[in-house]
Amino acid sequence: MSQPIETEPQDGPVSATPLLRIDGLTLAFRGVRALSDVSFDVVPGSITAVIGPNGAGKTSLFNTVSGFYRPNSGQVYFKGQDITRLPTPQRAKMGLGRSFQNIALFRGMTVLDNIKLGRHAHLKSNVLDALFYMGRARREEAALRADIEERIIDFLEIDHIRHAPVSALSYGLQKRVEMARALAMQPEILMLDEPVAGMNREETEDMARFILDVREEWGITVLMVEHDMGMVMDLSDHVVVLNFGQVIAQGTPAMVQSDPEVIRAYLGSGDVGDLRRKLQAGAIAEGVV
Amino acid sequence: MTQPGTDHVLEVNNIEVIYNKVVQALRGLSLVVPRGQIVALLGSNGAGKSTTLKAISGLLALEDGELKSGSISFNGQSTARLAPQQLVRQGLSHVMEGRRIFEDLTVEENLVTASYALTGRGGVKPDFDLVYSYFPRLHERCKGLAGYLSGGEQQMLAIGRALLAQPQLILLDEPSLGLSPKLVEDIFTIIARINAERGVSMLLVEQNATLALAVAHSGYIMENGKIVIDGSAERLAGDPDVREFYLGVGGSGEARSFRDIKHYKRRKRWLS
Amino acid sequence: MDWAYLFEISLTGIASGGLYALAALAFVMVYKATRVVNIAIGEMLMVGAYLFFTFAVTFALPIWLAIPAAVLGAGLLGAVIERTMIRPLLGEPPISVFMVTVGLASVLVGLVEIIWTADQRRLPDFLPNTPVMVGDAFLAPKVFYGALIAVVLIAVVLLVFRFWRGGVALRATASDPAAAYSMGINVPRVFSLAWVVSAMLAAVSGIIVGSIGGISSSMGVFGLSVLVVVIVGGLDSVLGALVGGLLIGLVEALAGTYLGGEYKLLVTFIVLVIVLMIQPYGLFGTHEIERL
Amino acid sequence: MRIGTLKETYIADAALFDSRTQQTWLVLGAALLLLFPFMASDYWLYLACLVSINVASATGLNILTGYTGLVSLGQAAFMGLGAYTVAILEIRVGSPFLLNLLAGGFVAMAGGLVVGIPSLRVKGLYLAIATIAASFIAHFLFANTAFTGRTAGLTLPPASLFGVVLDTSFRLYWIIVPVTLLMLLGAANLFRTRVGRAFIAIRDRDISAEVLGIALLRYKLLSFGLSSFYAGVAGGLWAYFFRVVTPESFPLSMSIFFLAAIIVGGMGSILGGILGAIFMTMVPELLKLAVGLLPGGSELTVFLSPVRTVVFGLLIIGFLVFEPHGLAEVWRRIRRFFHLWPFRN
Amino acid sequence: QAGEDIVIGGSIPMTGVFAFAGVGINAGIADYVKIVNDGGGIKGRKLRYVPEDTGYKVDVSVAAFKKITSQNKVNLYYGDSTAFSRTINPELERTGNILMTGASFATELNDPVKYPNQFLVGPDYTEMFGILLRHIAKEKPGAKVAFVYSDSEFGRDPIDTSEALAKKLGLSVPVKIMTAPGSVDVSTEVIKLRRAAPDYTIFHGYILAPIPEFITQGKQMGMTSKWMGTFWTMDSSTVMKMGEAGDGFMGVMPYRYYYDTSAKAPMLDKIRQLHPDYQSTAYIQGFLAAMLFTEAAKRTLDAGKELNGKNFKAALNSIKDFDTGGLIGVPITIKGNSIPVGRVYKADMKAQKMVAASDWIAL
Ligand SMILES: Nc1ncnc2c1ncn2[C@@H]1O[C@H](COP(=O)(O)OP(=O)(O)OP(=O)(O)O)[C@@H](O)[C@H]1O
Ligand SMILES: Nc1ncnc2c1ncn2[C@@H]1O[C@H](COP(=O)(O)OP(=O)(O)OP(=O)(O)O)[C@@H](O)[C@H]1O
Ligand SMILES: [Mg+2]
Ligand SMILES: [Mg+2]
């Protein structure tokens, strides 16, 4: 698709301990090996991309990190701590924020409530506070509302829809709300699963700008899965390539992009040109697939 | 319209669609698909592309949508009185957004469901081998549950199902969604092949404009429920706005980097 | 331990379970095609029995005519139910459709009371009445022949699902009606078909059950046991209906005999809870695929 | 949109009754509730108390089913737990009235927690049926232990508060209605906070809720617990109101009644629970009234009960087919019509 | 015009599962009230009957009670079920204005201390069993008697006490079988019953189902037991519905059947005059209830006492050797809350009638 772009390879921020360390992760579903012995590090302050063919195990990797799947073996370290056995909700509290490949917004709530929900793990009020709605619950809600309105909603330019029910939003806006909710989780690492799938070039550019800003202005580390190579190659500092659950390559975008294995398994020729014309000219033989 | 006078397999005339009796999604949209051609339908999120396809295939009612006015004709015959399954049986297949395969059926059973489209076509037999020849991968997984296929395989299955119905026209809604670059290439190659080899017409909704314009003969661009530009694929690919907003080509004619995106944007000319 | 007694009781229990299985089959038909948990299954069974009563007693038709007439009448009712209350809810969440059937149960009970009053009635005997002996064990003839009919019908349905592509169409419709439409499947027809066949099966089951226990407007409580059966067997499994039916029949018989009548329901519900804790989708139910 | 208030803080924006219109209605409503007992006959007071008890229980079920998406057919059984607790305490211990009510709530809550345990594994309608199982087990216990008086049940003396014996609908009204109002306020508050949001998230998509930091089991249990606490307190009030508690007092059909009430009223809406419970409790009475007014009404009474059964079913079906959001939505539409009345500028 | 009307309120199950009885009860009460009023009322005061349908549901009954009592000054009341009688009892005691009876013969209600303002129009369920057991003991000393009853309050009511009584009468109870109420498959229970090989089987807590099935299957299996029932099963039309299985079915009945002309019964003549067609035993129960209400009111007025529950009850208890116009075959005396008299009848399917199988038995 898009041509390699000459950008200076970014110097990854120098830091000794990785923010997130995946160490020998293996995950199998009734025979299907979704991940086998996957290891890589995510450096604080970086934008790291995980790419790979469909079914390579990228989403499964995210799910394992965020606790939805339990790995068969291997460890996940976050901020130096082994979180492999940590209950799912506590990981969110530690600062793992994420969005979902197949939009997982809560359709019965407004945009604002969806975003508020992201903060859940950081709030303290309990049922009794909630039932009486005095003191802590009241203060907390007010502070939350202020923070979300003034920082996140403004930042992502979604103030016009904040009272709309999410079910009435178009796909692109829903993706944006997903990102807002992930940001409300006050993450130290933001995991985005295909943030620009189904968006056209213009919308993709908007999203790319938000991702860059999240890193630059908020200092949040980003780990993303994405099939839009143009964006991945332009934004990321580090790219990990998975195939059949295994890491087949990792490194700077430029390195990965020229790796023949990656090209064969994932990128393809990158040269669609004028398919129709070629076909008519008989340039594409049967059975290339 | 493109090439007036040619035989149009599909004509959509000035349609308006309303969801839930309040949300107006289409406002007087018209388009045609000439027989044997691929027509691309581009547009931003929420423009109403999927709605257009659903209006054509008659699936609107299932989502509380309603065709308020306008007309649609398939093979010169109005679709207004036809139930969705009748349309399919007459040769109009719709590959829906998000693949919509039957997750708890096997791959093979998914294809069997598609054979219902051949009902009433005088003994036309479903050709499973044809599908497997285009998608050998499906053959390997034919006994497995479709719910566990990877995204690309599911998309193949969705197109395979449509193919099995031996249609004259396929409505394709974002076939590249969530697929790896290589698979996207593969899928589009197959789309182009199916069109070229079997003469199936297609109406293709796609966000990846580069690819869509590479396979299509002609295209439409829609915004807010209306068509804003149309023309041959070559013409659209040359349009400066299309280049900027859909193809990501900067003013200099060079592909723009995502790192250099500005915080303000130029307005699209067709919006003014 | 009196083994002969145990054998006799178990035999009767399993045979009675056959009747559960038949009603459960009616339930599963609807669930398989439309994903509707039809809590009104007991009431549909009751209506079938009342129709039979009307044809056989009020109109004094011969039995061989009254049965098909009642079954057809029930089929018609199934079609009406599907058309007026189920199809409009296509695409609504499962709870809504479930609640519609709750309403339906109430409507059917009310209608039966208006038309036939709430009095208990007896159905004419039409099953052979010479006792069936299995070794020394006695088996009530009605129960035996009822179970026989049930097993035959279930076998037929199993075969149909095995060899007819309509079975696939049914499941496809259940899994995603919109997509099924776009495959060329006549979704409304599948919906009607499922409800009509289900209502007819329920009627057969109702006629047998009613001829054993008599009929009344509270006959619908039979549906409660059927519900237990389908949950234990798995909502969408024909085989589950059969196995669940026989199992629950056996459990009820044993509990009733060795613990006392008040334990019948209790024990079956405990069995239900245990099965669910081990197998959340019943013994043979399809697991929902949950992916993020 | 709204006039009369300029919201300067987010706190004000999050208030339950934020416009002057709403506050006016609130005052009017309160006045009506205060005056009602002095104007109504014993029959209407009886209905008011019954409605109030049903509102409390329906609201509890709404928390569980409407907001958290866990369908329960055990609400009546939880009411039974509350009622039996209250009866036993009143008869054997003689502890103070309000304490007994609370105890009834907590015992029911404990029952709810036990029933809620499978909810992590067992989903959807499988769970609903499992709750039927729970309610049968409860019924069995009520009907077969000496402690609960077996099938005959328990008869309890009237409650007394500050020396006043609460033995008439008039006197009980002053307890039942305020307790219900308190519970309603609590429920409304709940959905302004993280707890309520977590419930809704679980309803909409539980697996992703967990990844967002919501401890699923904890919140599902919490919802079961709260809902059955509401049922327990309602059951306690019920016990004081009818003063006879038997196993047959809380049949499965009562659980279905509450489900029907929140459907007709509007699932996942506090107002819906209220309207639904009022409406469904009053329907049989209104029907009777209507039949009485009809010419030849006396002959029709022969059909009254089955007609009531049919109407009950038709209401459920009708609302689901034609007005899935229930009376609450109808009410919103009416309100939109009158908009700011009586403060139209 | 000598005073206010005397009001009989009624929570009557005119619809629902108990409608077959409720309709009869309603007609019985209404007819007797008409007879009284046609005869000039009670000391010049008219009787007024205000019924409401309950569908045999407790909550509806209670609502009906509240409605009727808040719109009328009610003196007498007819309730439809044990649960209602129990639920409304505190209210009766609190207001003290009303004397009540109803369709329930629950043993529990036969307690003047706990239920001072209520009475039963016949023997309670335990007393019904007593009458049957006494009959059995006489017919076949030392017989084996099986109890088959429904899992409901109604069904369980007399079982434990009656088992003790059977022992006392030298009878044995080899098996007690509890089933779900109503139309259920009882095949396993029949097997259990056959094992016990009883000489008599008493059904209680059912109306019709599953009695015929028990008898049919039992006979098919070669059982020789005699089959018996209690009041609510014993209406002629109900027993006749049993068909072949019902031939020889026996049971206890405190009243004479509509068509019983074996002795002089002026009240039955009157009923037959009013209605040329068969009237159910429920009708007679309602009729008799109204008769006793009237008698209690009359005696209270005669004594010049205030019309309230306590005085009504006292008046009722003052009844000695009262002639019911033949509805009950012997003169009655109401000592406590019940009228412990009855007789065993037996079904004759050929004649489609119930015929007396014993003399009147008073406990
Ligand atoms: N819950 C599950 N049960 C069984 N198999 C699963 C499950 N989830 C994922 N898989 C399998 O694991 C493999 C990896 O799936 P995953 O969703 O992680 O792929 P992916 O890399 O995210 O693909 P895509 O780019 O299409 O999103 C696939 O073969 C898939 O079928
Ligand atoms: N079921 C629905 N109910 C209500 N509104 C809907 C529904 N489906 C779509 N809409 C609205 O109709 C408009 C057009 O939606 P449509 O799905 O056709 O857009 P699209 O062009 O396909 O966008 P995308 O690229 O995101 O798929 C949107 O504004 C959307 O909010
Ligand atoms: Mg993925
Ligand atoms: Mg779309």
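All values below come from the heavy atoms of this structure, side chains included, with hydrogens, waters and symmetry mates left out.
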Problem - C/Ile114, part contacting chain D, at a heavy-atom distance under 4.5 Å - result: both
Completion exercise
One should read off an interatomic distance between D/Ile256 CD1 and C/Ile39 CD1, to the nearest 0.5 angstrom, of 5.5 Å
Handout entry: Expected output: side-chain D/Thr309 to main-chain C/Ser106 donor-acceptor under 3.5 Å
Key = no
Practice task
Please determine, among C/Ile95, C/Val228, C/Val102, the option with the most heavy-atom pairs under 4.5 Å with chain D.
Solution key: C/Ile95
Handout entry: pair C/Leu224-D/Leu252: side-chain heavy atoms closer than 4.5 Å
Key = yes
Problem - Smallest separation among heavy atoms of C/Pro88 and D/Val321, with atom names - result: CB-CG1, 3.9 Å
Fill in the blank from the handout: If one checks every heavy atom of D/Val211 against chain C at 4.5 Å, the contacting part turns out to be side chain
Problem - Which of C/Leu266, C/Val100, C/Leu111 touches chain D most, by non-hydrogen pairs under 4.5 Å - result: C/Leu266
Problem - Over 12 foreign heavy atoms within 6.0 Å of OH, C/Tyr263 - result: no
Handout entry: Contacting region of D/Val71 [heavy-atom separation from chain C under 4.5 Å]
Key = side chain
Problem - Nearest non-hydrogen partners of D/Pro306 and C/Gly110, listed with the distance - result: CB-O, 3.4 Å
Handout entry: Interface moiety of D/Leu315 toward chain C, non-hydrogen atoms closer than 4.5 Å
Key = neither
Practice task
Report the option among C/Glu92, C/Met85, C/Glu113, C/Met99 that has the most heavy-atom pairs separated by less than 4.5 Å from atoms of chain D.
Solution key: C/Met99
Problem - Side chain / backbone / both / neither for D/Ile263 at chain C, heavy atoms under 4.5 Å - result: side chain
Fill in the blank from the handout: Of C/Thr268, C/Thr101, C/Thr84, C/Leu89, the largest count of non-hydrogen pairs under 4.5 angstrom with chain D goes to C/Leu89
Exercise for the section: Run the ring-centre check on C/Phe269 versus D/Phe140 and record whether the distance is less than 6.0 Å. Expected result: no
Problem - C/Leu276 portion near chain D, given a 4.5 angstrom heavy-atom threshold - result: both
Handout entry: D/Arg308 versus chain C, the contacting section by heavy-atom distance below 4.5 Å
Key = neither
Handout entry: Heavy atoms from other residues, nucleotides or ligands near CZ of C/Arg189 exceed 12 (cutoff 6.0 Å)
Key = no
Side-chain donor-acceptor contacts of residues 110-132 of chain D below 3.5 Å, not counting sequence neighbours, with atom names and distances?
from	atom 1	to	atom 2	distance (Å)
D/Ser119	OG	D/Gly116	O	2.5
D/Arg121	NE	C/Met277	O	2.9
D/Arg121	NH2	C/Met277	O	3.2
D/Arg121	NH2	C/Ile278	O	2.9
D/Lys123	NZ	C/Glu290	OE2	3.3
D/Lys123	NZ	D/Asp206	OD2	3.3
D/Tyr126	OH	C/Leu235	N	3.0
D/Tyr126	OH	C/Tyr281	O	3.4
D/Thr131	OG1	D/Leu73	N	2.8
D/Thr131	OG1	D/Ala128	O	2.4

Fill in the blank from the handout: Shortest non-hydrogen pair, D/Leu320 vs C/Ser96, comes out as CD1-O, 3.2 Å
Problem - Whether over 12 other heavy atoms sit under 6.0 Å from D/Trp331 CH2 - result: no
Problem - Shortest non-hydrogen contact between C/Gly103 and D/Ile317, atoms and distance - result: C-CD1, 3.8 Å
